[in-house]
Amino acid sequence: MNSLSSTSENLTVSEELAGGRLTIDLGAIADNWRKLNAMTPDAECAAVVKANAYGLGISRVVPTLWRAGCRIFFVALPEEGIAVRKAAPEATIYILCGFLPDAAKTYLNHQLRPVLSARADEWLAIGRATNAPYAVQLETGMNRLGMDVADYAAFMESADYPPSLQISHLACADTPKHALNQHQRQNFDSAVKLAPQIPKSLANSAGIFLSADYHHDLVRPGIALYGGASAETHLAQNPMKPVVRVESRILQIKFVPVGQTIGYGAHETVLPTDGHFRITATLACGYADGYLRSCSSSDSAKGGFAAWRGQKVPLIGRVSMDLISVDMTDHPKLNDLRDQSWKDEWIELIGPTITLDEVASAAGTIGYELLTGLGQRFHKIYINDNN
Ligand SMILES: *Cc1c(COP(=O)(O)O)cnc(C)c1O
């Protein structure tokens with residue numbers, strides 16, 4: 001990530017006061033959207049920006065996507081829809097969780113379109129006065145949200161006015177060979193025959209990579225916009241540009257004697273080396289920053305990695321709320337940390353040397369969970385905003 005232009009988000013903590021910094025490459029998000037858009041020439045490419053744009057900030061991510069050409073946005077909840085409306089006043093905005101009846105005025109005032117799986121009659125009762133647009137989600141085999149196809153047929157018979165979009169969601173698109181993909185696509189293609197003139201949308205990020213048969217009229221990528229691996233194969237070779245970098249400052253360099261333990265629970269013992277101690281760096285980042293505790297290292301199970309100057313260094317001991325320790329002993333440039341020089345150094349936790357998905361896999365989870373939890377206390381830096 002080169003910083004052609006760099007702006008700080010004033011709403012977040014300043015760099016001087018922060019233990020970690022989260023750098024978000026808006027230019028890479030725009031490039032990722034353009035790439036997915038080019039991959040789906042016969043479909044419109046929307047963007048899923050739920051959970052505050054996967055943790056990266058709706059107020060910055062949505063205008064970036066709008067300038068790249070994106071016009072349709074999906075969020076989970078009406079509150080998020082309001083934030084998108086503010087960031088892109090002319091956007092088309094869908095609320096994936098559907099219709100929350102106490103929020104009726106919010107949907108109408110901010111022109112938020114519910115994606116109905118249930119409560120369809122309740123929505124029509126308030127939407128019919130103005131023909132307020134909505135979408136329908138169809139059940140095709142995931143059994144999470146979605147209207148049963150038989151109910152959809154009955155609904156279409158009686159509905160005052162039709163939906164503007166029909167969607168369904170793939171359960172296993174990250175596993176291209178999974179039989180459920182084709183099964184869901186067939187169910188979807190047969191369900192939408194009821195209303196062939198209404199636009200259809202099935203694919204999330206991973207669905208885009210399955211084949212053109214999954215693209216329909218509109219695709220709904222989320223994680224791929226943010227540089228995460230969506231398909232299994234992307235763990236080894238990710239075609240998307242990386243978007244986030246996380247670094248944490250060194251608080252202390254310690255010489256820990258062989259035989260002693262590090263961190264809570266005393267679960268990792270310093271092993272004999274050439275010398276009588278190992279050299280650790282204690283960093284100002286922990287699970288309260290979204291760095292997952294399951295990255296912890298112990299005598300029985302080695303944990304995650306950090307990096308400094310392009311070289312990986314292992315975590316040592318448990319991840320605690322505000323701190324982690326990394327073992328710098330074997331780093332080839334260790335001498336550069338001597339004396340006082342470590343005091344200005346930041347250690348990479350996610351970035352050019354360690355991908356989001358590598359950290360997620362060390363934590364036993366997926367990039368989505370790591371990304372959406374990152375950085376409540378970090379200093380946020382947005383770069384390459386002039387895309
Ligand atoms: C979250 C979500 C998406 C985006 O999924 P990604 O795997 O992040 O691309 C698309 N559609 C629905 C219904 C979703 O809930």
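Both ligands and their constituent atoms are indexed starting at 1 by order of listing.
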I want to know whether Y161 and Y134 have ring centres closer than 6.0 Å. yes
Are the ring centres of Y94 and F73 closer than 6.0 Å?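 Distance test on ring centres: not under 6.0 Å, no.
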Determine whether H276 and F255 satisfy the following criterion, ring-ring contact (aromatic ring centres under 6.0 Å, His included), listing intermediate values before the conclusion. CA-CA 9 Å; H276 301 293; F255 293 72; over 10 Å; no
Distances under 3.5 Å, N/O of ligand 1 against N/O of the protein: list each pair and its distance.
from: ligand 1; atom 1: 7 (O); to: N204; atom 2: ND2; distance (Å): 3.3
from: ligand 1; atom 1: 7 (O); to: Y368; atom 2: OH; distance (Å): 2.6
from: ligand 1; atom 1: 8 (O); to: Y54; atom 2: OH; distance (Å): 2.5
from: ligand 1; atom 1: 8 (O); to: I223; atom 2: N; distance (Å): 2.8
from: ligand 1; atom 1: 9 (O); to: S205; atom 2: N; distance (Å): 2.8
from: ligand 1; atom 1: 9 (O); to: S205; atom 2: OG; distance (Å): 2.5
from: ligand 1; atom 1: 9 (O); to: G222; atom 2: N; distance (Å): 2.8
from: ligand 1; atom 1: 11 (N); to: H169; atom 2: ND1; distance (Å): 3.4
from: ligand 1; atom 1: 11 (N); to: R220; atom 2: NE; distance (Å): 3.0
from: ligand 1; atom 1: 11 (N); to: R220; atom 2: NH2; distance (Å): 3.2
from: ligand 1; atom 1: 15 (O); to: K50; atom 2: NZ; distance (Å): 2.7

Does the ring of Y214 carry R185 above it, NZ/CZ under 6.0 angstrom from centre and within 45° of its axis? yes
Would you indicate whether the side-chain heavy atoms of R377 and D322 approach each other to under 4.5 Å?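 SC-SC contact between D322 and R377 confirmed.
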In residues 46-56, what donor-acceptor pairs under 3.5 Å come from side-chain atoms, sequence neighbours left out?
from: N52; atom 1: OD1; to: I58; atom 2: N; distance (Å): 2.8

